Protein chains: 4
Amino acid sequence: MPHDSALTQLEFRLQPDAATIRPGGRTARVAKDVRDATLAELNEHGYAGLTVENVAERSGVHKTTIYRRWGGVDGLIVNALDLASQDDWGPPDTGTLEGDLTGLVHEVLELFTDPVEGIAPAAFIAATYHSERAAEAMTSLYVDRHARAAVAVTRAIERGEIPADTDPGAVVRAAVAPLYYRLFITREPIDRQIADQAVAAALAATMAGVFAQSPKSARSSRKR
Amino acid sequence: MPHDSALTQLEFRLQPDAATIRPGGRTARVAKDVRDATLAELNEHGYAGLTVENVAERSGVHKTTIYRRWGGVDGLIVNALDLASQDDWGPPDTGTLEGDLTGLVHEVLELFTDPVEGIAPAAFIAATYHSERAAEAMTSLYVDRHARAAVAVTRAIERGEIPADTDPGAVVRAAVAPLYYRLFITREPIDRQIADQAVAAALAATMAGVFAQSPKSARSSRKR
Amino acid sequence: MPHDSALTQLEFRLQPDAATIRPGGRTARVAKDVRDATLAELNEHGYAGLTVENVAERSGVHKTTIYRRWGGVDGLIVNALDLASQDDWGPPDTGTLEGDLTGLVHEVLELFTDPVEGIAPAAFIAATYHSERAAEAMTSLYVDRHARAAVAVTRAIERGEIPADTDPGAVVRAAVAPLYYRLFITREPIDRQIADQAVAAALAATMAGVFAQSPKSARSSRKR
Amino acid sequence: MPHDSALTQLEFRLQPDAATIRPGGRTARVAKDVRDATLAELNEHGYAGLTVENVAERSGVHKTTIYRRWGGVDGLIVNALDLASQDDWGPPDTGTLEGDLTGLVHEVLELFTDPVEGIAPAAFIAATYHSERAAEAMTSLYVDRHARAAVAVTRAIERGEIPADTDPGAVVRAAVAPLYYRLFITREPIDRQIADQAVAAALAATMAGVFAQSPKSARSSRKR
DNA sequence: TGTTAACCGAGACGGTACGTCGCGTCTTTCT
DNA sequence: AGAAAGACGCGACGTACCGTCTCGGTTAACA
């Protein structure tokens with residue numbers, strides 16, 4: 001995740017939109033206006049305040065048009081999420097797995113700790129509970145993120161830092177899960193110490209072979 | 001958490017209501033009817049389908065009365081959450097920390113895997129994103145749960161099973177976080193293997209001293 | 001009508017209440033508080049703003065009590081109207097019918113022209129359209145007023161000023177009707193000139209024998 | 001006023017609606033349905049029983065739409081009143097002023113005496129006390145009616161029947177005022193005799209020069 | 001000088017209607 | 001022909017005031 005802001009993170013480039021039918025002219029301009037308005041509304045009023053009517057008003061695009069092209073609030077959210085997943089983010093490369101994971105969790109920490117820009121991400125989570133489409137888009141976004149972050153783990157395997165049969169995705173999840181858990185489930189505050197602790201825990205488990213993909217080692221680790 | 005169902009979990013005892021001003025007669029009956037209807041609606045239609053109007057209809061209590069006493073959907077949720085936190089749940093006691101934690105995560109697993117009753121808890125999470133009051137109630141509920149579960153860890157410390165300065169709450173969170181993360185954030189499926197893996201990871205981290213409350217040992221574990 | 005104000009006009013004496021069972025103490029005090037609050041509310045917010053709840057609030061008398069004793073908004077209005085009819089008003093006595101009638105219409109004029117106190121009377125008219133009881137009370141009030149004013153006409157007959165068989169009530173009505181018509185039906189403004197014109201018209205008709213009670217003279221006047 | 005009924009009187013022509021932006025199809029149909037339902041409700045339940053909800057129900061037009069287009073009960077009334085003022089009514093032409101005025105008051109008499117259709121007009125009066133907009137519409141309706149009726153007086157002037165400087169409107173008002181006064185203010189019953197008496201009084205006053213527009217003659221008439 | 005019937009306070013409730021918001025559809029008009 | 005403009009249907013919201021009920025506490029008239 002980029003270290004600057006949620007908006008930058010989500011607003012990203014438009015080129016991938018080339019997949020749509022009409023890249024140039026009014027159609028594209030309308031799409032951009034709607035997307036901008038969606039994100040702005042999301043940041044200002046959160047998910048609950050994101051209405052088709054307001055987006056129409058703000059973007060200058062007629063309500064009917066929004067329904068035609070995006071099909072409702074759902075579509076607006078999905079639209080924004082899709083874009084978010086199309087950025088060129090990659091995990092840091094510090095030379096050690098601990099360093100990489102620490103960088104990763106700190107990015108999460110900063111992203112959601114920022115008092116202003118941090119609103120939008122929570123709004124996406126909220127959207128998830130109202131729209132199946134949003135939920136799906138969300139899932140695929142996270143899958144994508146995990147896959148990208150997993151290369152840091154793969155590098156560690158290649159360096160011989162951790163067991164060869166470690167499941168890269170599992171390590172990434174283990175590192176970030178405690179943060180998201182506190183952020184969105186229990187709503188407890190998070191700080192640098194907690195983030196570092198999560199990394200340490202993930203590393204300890206990894207070294208102990210908990211995330212080994214061969215059932216044997218996983219079992220043995222539990223049997224101790 | 002009890003292993004039977006979300007409803008049982010939340011519907012718990014009524015006696016605490018005695019704290020209210022008018023314990024007898026209609027007032028209490030109304031309160032019960034509304035609570036029942038709230039939970040039923042939540043289970044059937046989820047948070048999005050929980051409307052004051054429906055609860056009024058179902059409970060036979062008039063809409064105006066619900067607004068007067070509970071102030072809207074918010075209050076209904078909080079009401080249910082408060083009750084949920086008043087049960088007498090406690091963690092299993094199997095003799096080993098691994099056993100206790102495994103029992104704990106399996107409870108979570110069953111609770112949210114159950115196709116019918118499992119709807120309500122997700123609804124509570126959703127509510128959290130719409131109502132500050134619900135979010136606060138949710139937080140205090142989780143804090144309560146963690147505190148109760150922590151006794152299993154304390155027992156392990158007393159048995160000398162794990163480092164003496166281990167933070168009990170941290171261990172509990174580490175064990176359940178991955179499950180909630182997948183359930184409510186990434187919406188990936190969970191199963192027994194993942195639950196067990198989460199316990200194993202938490203244990204490994206604990207043994208490595210990651211959750212030690214003295215900064216020194218935490219650091220040393222990371223430096224390793 | 002008294003020349004001072006609508007409030008004075010309506011607030012009148014309480015003694016007739018002696019008909020009720022408990023004249024003394026709290027009961028009477030409650031009655032007075034309610035009546036005062038009713039008139040105050042009527043003057044401030046008009047009929048539409050006269051609610052049992054507000055009167056209860058303002059008077060410090062409980063809502064339930066008001067319903068018990070007055071039965072609702074209707075009763076409050078009727079209560080006020082009854083009192084109004086119990087004042088000791090009488091028409092002026094200037095020595096000529098024209099003078100008496102002019103004094104009469106000027107009283108009406110002033111009463112309803114006064115920008116502040118004039119609100120209440122209109123409120124009574126409004127009440128008339130919502131409550132049969134209020135309408136009846138209103139009718140009997142006007143009948144009473146007409147009867148009192150008629151003495152001025154009777155005096156004129158005795159003085160030989162007008163035809164002996166003149167119907168006193170008809171003359172009074174003829175004099176005031178145009179004012180009320182403009183005030184409450186067409187809502188056109190009224191002024192001294194219009195009031196005087198109404199008197200002149202009533203006099204002219206009277207002199208022409210239009211209000212003679214023997215059918216013969218009335219007919220002859222129409223035949224011209 | 002047409003001699004048939006209140007409904008006919010008010011239901012009049014629809015064409016003027018062409019002034020609105022979308023004359024065709026649904027919009028116009030909705031307008032008509034709402035107007036019909038309004039009048040029907042008014043006739044059946046009077047003003048007090050005229051609720052937006054009932055009109056919506058009866059007309060098959062949704063409540064929200066009514067609020068959007070008419071803004072509430074006020075607007076419904078005004079709508080009906082406006083229509084009422086758009087008819088092509090004119091006073092009778094019998095050849096004498098007495099005949100014309102008698103025809104006029106008899107129309108009023110019949111209109112408000114009719115036990116069934118006569119409800120609506122009273123409802124309009126009632127509306128007047130609750131809605132400034134309704135009151136204004138009412139005023140302009142009466143002004144319009146008076147202006148039309150005044151031509152009968154003008155004809156009489158041209159025939160030399162009455163003083164040349166007579167104020168036509170004043171004569172009309174003088175003739176109808178007593179009826180309305182009894183109908184809506186004192187709620188006393190009216191009959192043919194009273195109506196005829198009112199005409200006779202108005203004529204007598206007119207002949208005496210009471211309604212002369214030059215101040216001089218008016219004064220002289222009062223001096224007798 | 002008690003007693004006791006009448007009256008009052010307090011609070012919750014059911015009920016009707018209000019006026020508003022936002023969604024999503026459909027129709028008319030305009031280009 | 002097809003999109004812009006806009007009216008509409010629809011479900012729910014949250015509020016105001018109505019009138020009722022239950023309970024419990026006062027008070028004033030009368031024995």
Side-chain angles (χ1 to χ4, degrees), chain A residues 26-27 30 48-57 60-74, chain B residues 20-22 24-31 48-57 60-74, chain C residues 20-31 33-34 48-57 60-69 71-74, chain D residues 20-31 34 48-57 60-74:
Chain A
R26 186 174 58 178
T27 299
V30 161
L50 180 70
T51 71
V52 171
E53 229 128 75
N54 287 345
V55 170
E57 168 82 13
V61 173
H62 199 273
K63 194 172 73 154
T64 316
T65 304
I66 293 181
Y67 277 107
R68 258 194 300 265
R69 287 192 55 182
W70 289 273
V73 175
D74 276 29
Chain B
T20 57
I21 310 180
R22 296 191 165 200
R26 186 171 60 171
T27 298
R29 195 169 56 250
V30 161
L50 180 70
T51 71
V52 171
E53 224 129 77
N54 286 346
V55 171
E57 168 82 15
V61 171
H62 204 273
K63 189 173 71 154
T64 314
T65 300
I66 294 181
Y67 278 109
R68 266 192 291 248
R69 283 191 58 179
W70 291 274
V73 174
D74 275 30
Chain C
T20 57
I21 309 179
R22 297 189 165 202
R26 184 173 61 173
T27 298
R29 195 168 55 250
V30 161
D33 290 347
V34 167
L50 181 69
T51 71
V52 171
E53 227 128 75
N54 286 346
V55 170
E57 169 82 14
V61 172
H62 200 271
K63 193 172 72 153
T64 315
T65 301
I66 294 181
Y67 277 107
R68 264 193 294 251
R69 286 195 54 182
V73 175
D74 276 29
Chain D
T20 57
I21 309 181
R22 297 192 163 201
R26 185 173 58 171
T27 299
R29 197 168 53 250
V30 161
V34 167
L50 181 70
T51 72
V52 171
E53 225 130 76
N54 285 346
V55 170
E57 169 84 13
V61 171
H62 203 272
K63 188 173 71 153
T64 314
T65 300
I66 293 180
Y67 277 109
R68 268 191 290 241
R69 282 191 62 179
W70 290 275
V73 175
D74 275 29

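By convention in this document, chain letters (A, B, ...) are assigned in the order of the sequence lines, proteins followed by strands, and residues within each chain are numbered from 1. Values in this document were obtained by computation on a predicted structure and should not be read as measured data.
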Can you build the contact string for nucleotides 14-19 of chain E? Use B for base contact, S for sugar-phosphate-only contact, and - for no protein heavy atom under 4.0 Å.
BBBBBB

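Residues forming a side chain to side chain donor-acceptor pair (under 3.5 Å) with D:T65 (at least two apart in sequence, or on another chain): none. In terms of the salt bridge (Lys or Arg N to Asp or Glu O under 4.0 Å) criterion, B:E57 has no residue partners (sequence neighbours excluded).
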Chi angles and distances behind the side-chain contact (heavy atoms from CB on, under 4.5 Å) call for D:T64, D:R68:
CA-CA 6 Å; D:T64 314; D:R68 268 191 290 241; 3.7 Å; yes

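In this structure a side-chain-to-backbone donor-acceptor pair under 3.5 Å is present from B:R69 to B:T27.
The OG1 atom of D:T51 lies 9.5 Å from the NZ atom of D:K63; values are rounded to the nearest 0.5 Å.
Straight-line distance from the CZ atom of B:R69 to the C1' atom of F:dG14: 18 Å, rounded to whole Å. The distance from atom CH2 of B:W70 to atom C1' of F:dC13 is 18 Å, rounded to the nearest whole Å. In this structure, C:R29 places its CZ atom 7 Å from P of F:dA28, rounding to the nearest Å.
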